[in-house]
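Notes follow the structure.
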Protein chains: 2
Amino acid sequence: MTKTQELTESLEMYLKTIYLIELRKRAARVTDIAHDLGVIASSVTGALRTLSKRGLINYAPYDIITLTDEGMVVAKEIMQKYGAMRDFLIKVLGIDESAAEEEACHMEHRMSEVVFQRLLHFVKYYETCPVEKVRWNEELGYFCSREDLDCEHCVQQVRVGTHKKPGTKPSVGTKRSDN
Amino acid sequence: MTKTQELTESLEMYLKTIYLIELRKRAARVTDIAHDLGVIASSVTGALRTLSKRGLINYAPYDIITLTDEGMVVAKEIMQKYGAMRDFLIKVLGIDESAAEEEACHMEHRMSEVVFQRLLHFVKYYETCPVEKVRWNEELGYFCSREDLDCEHCVQQVRVGTHKKPGTKPSVGTKRSDN
DNA sequence: GGCAATTTTTAGGCTAAACCAACATTATAC
DNA sequence: GTATAATGTTGGTTTAGCCTAAAAATTGCC
C-alpha cells in the first residue's frame, strides 16, 4: 500500500523538493530544502520528522536526507500528477507555461488516481492522434484546425452558445456576472 | 472587485451551501446549514460571522441568512467553476458522475479564472463540434470514434507509448511504479 | 582545540476549524 | 399569554498545521 494516510499540501511540497534535490545531488540537507522552499531550517526539521514517521524519508538527526523506497514511489506519483496536469493545461487548454506550472502545482494535490490516469491518456491521445487538432484562439475559443474541414459551422454555434458577438473577445480573465 | 481576499475551502463550502438553500427556500437558517454540512450550529455561527465581515452574506444574530449581491456573485463563480470541472470530468474524461462531482468539489477551489474559462470553452467546443468525438475505453484509452476513419494507427501508437501489451487493460486505479 | 556552519531543540505564536456546555432568544403549542 | 421546545449565540477548549526566534548541540575543518 502506497497510500499511508494522505499528505498535506505542505508535506507534499517537502517531498517533492527532496525528490528534486536528490536528482541533482544524490541526497538533501536541511539547508537545501529550507532554501528551496523559502522557510527556515527549524521548519524543515519539523516536517522531516513527520515524513520520517510516515516512512517516506530516511532521516537521522544531523545526517543527510534521502527518500525511502516508499517515499520515492509517492514522490513520483506527485510528480506525475503534476506533470499530467501541467501538460494538459499547456498542450490541450493552451495555457501559458509558467501559469500552468503554478496552477498544476496546486491542482495536483487534489487529483485522484483515476483522473490522473485519464488525464495522462487524454494528453497522450491528443498528441498522438493525427486528425484531432483542437486549438485555442482568443477570438474564437477552441476549434478544430483540420484543413480539410470548414469549421465555421461550430464556431458559429459556440459563439451563439456563449452569447458572444462575433469579433468580441472571449471574456477570459474578466469578471462575469452571467447566470 | 469581486475578489476580496480568497476564501478557504471551508468558507467556500458554507457559501455554496447557503446558495443552494436559497435556491430551495429563499433564505437559510443556521440549522439548515449545519445540517447540510454536517457540523453543529455553533460552528456555523463562527463561519457566518466571517462571511458577514467579508460582506458576502446578510447576517444579523437570530435572523435568517441571505447572500449579498457580492456574495451571490462569488457563490455563482464557485458554482460555475464546479460545474465546468464536473462537466469536463464527465463529458470529456468520461469519469463516473458521482466520482466527478466529489472530485470537482475539491478541484474547483484551486481553479484560476483563466483555466475556468478555458475549461468552459473546451467542453462547449467538445459538445458542439460535429467531427471531434473522443471517447474513453477501458481497453484502449482515449480514441476518436469517427466512423470514416481507421483509428488502429493511433491506438497502436498509444499502446506502444504506454508500454501496454495489446489486450492488456490500462492500469486505471492500479498502483504504478513506472517512471 | 576551537571556530564556523549546520542542525536540532525549545518555546511560542498564529490561523483555521471544529466541539461542548451554558446561556439567550425566538417560535409554538396549548 | 405563558411554558416549553427549538433555534441560535457565546466563551472556553481543542486539534492540527505551519511557521519563527533564540539558544543549544553537533559536525566538519583548519
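Within every chain, numbering begins at 1; the chains are lettered A, B, ... in the order of the sequence lines, protein sequences first and strands thereafter. Note that this is a predicted model, so its numbers are computed, not measured. What's counted below: heavy atoms across the whole structure, side chains too, no hydrogens, waters or symmetry copies.
Within the 4.0 Å cut-off from OP1 or OP2 of D/dT10, at least one side-chain nitrogen or oxygen of B/R49 is found. Look at B/R29 and you won't find any side-chain N or O under 4.0 angstrom from OP1 or OP2 of C/dT26.
We find that CG of B/L37 is positioned 11 Å from P of C/dC19, with the value rounded to whole Å. One interatomic measurement links the two molecules: NZ of B/K53 to C1' of C/dT15, which rounds to 12 Å at whole-angstrom precision. Going from atom CG of A/L48 over to atom C1' of C/dT9 covers 14 Å, rounded to whole Å. For B/M13 and C/dA16, the CE to P distance is 18 Å, given to the nearest whole Å. The CG atom of B/D63 sits 21 Å away from the P atom of D/dA6 (whole-angstrom rounding). Whole-Å rounding puts the B/I65 CD1 to C/dT26 P distance at 14 Å. For B/I33 and C/dA17, the CD1 to C1' distance is 16 Å, given to the nearest whole Å. The nearest whole Å value for the distance from the CG atom in B/D32 to the C1' atom in D/dA6 is 13 Å.
The backbone N or O of B/Y59 sits nowhere less than 3.5 Å from a side-chain atom of B/R49 that would complete a donor-acceptor pair. Remark: side-chain polar atoms of B/H109 are paired, donor with acceptor, to backbone N or O of B/L7 under 3.5 angstrom. Proximity of a side-chain donor or acceptor of B/E12 to a complementary backbone N or O of B/I78 within less than 3.5 Å is not detected. Using a distance-only test at 3.5 Å, with no hydrogens or angles considered, no donor-acceptor pair links the side chain of B/R26 to the main chain of B/T66.
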Legend entry - Under 4.0 Å protein heavy-atom contacts per nucleotide of nucleotides 18-29 of chain D, with B for base, S for backbone only and - for none: SSBB---BSS--
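With a 4.5 Å cut-off on side-chain heavy atoms, B/H106 and B/E9 count as touching.
The side chain to side chain contact (heavy atoms under 4.5 Å, CB included) test applied to A/L37 returns A/M13, A/Y14, A/T17, A/I33, A/V39, not counting sequence neighbours.
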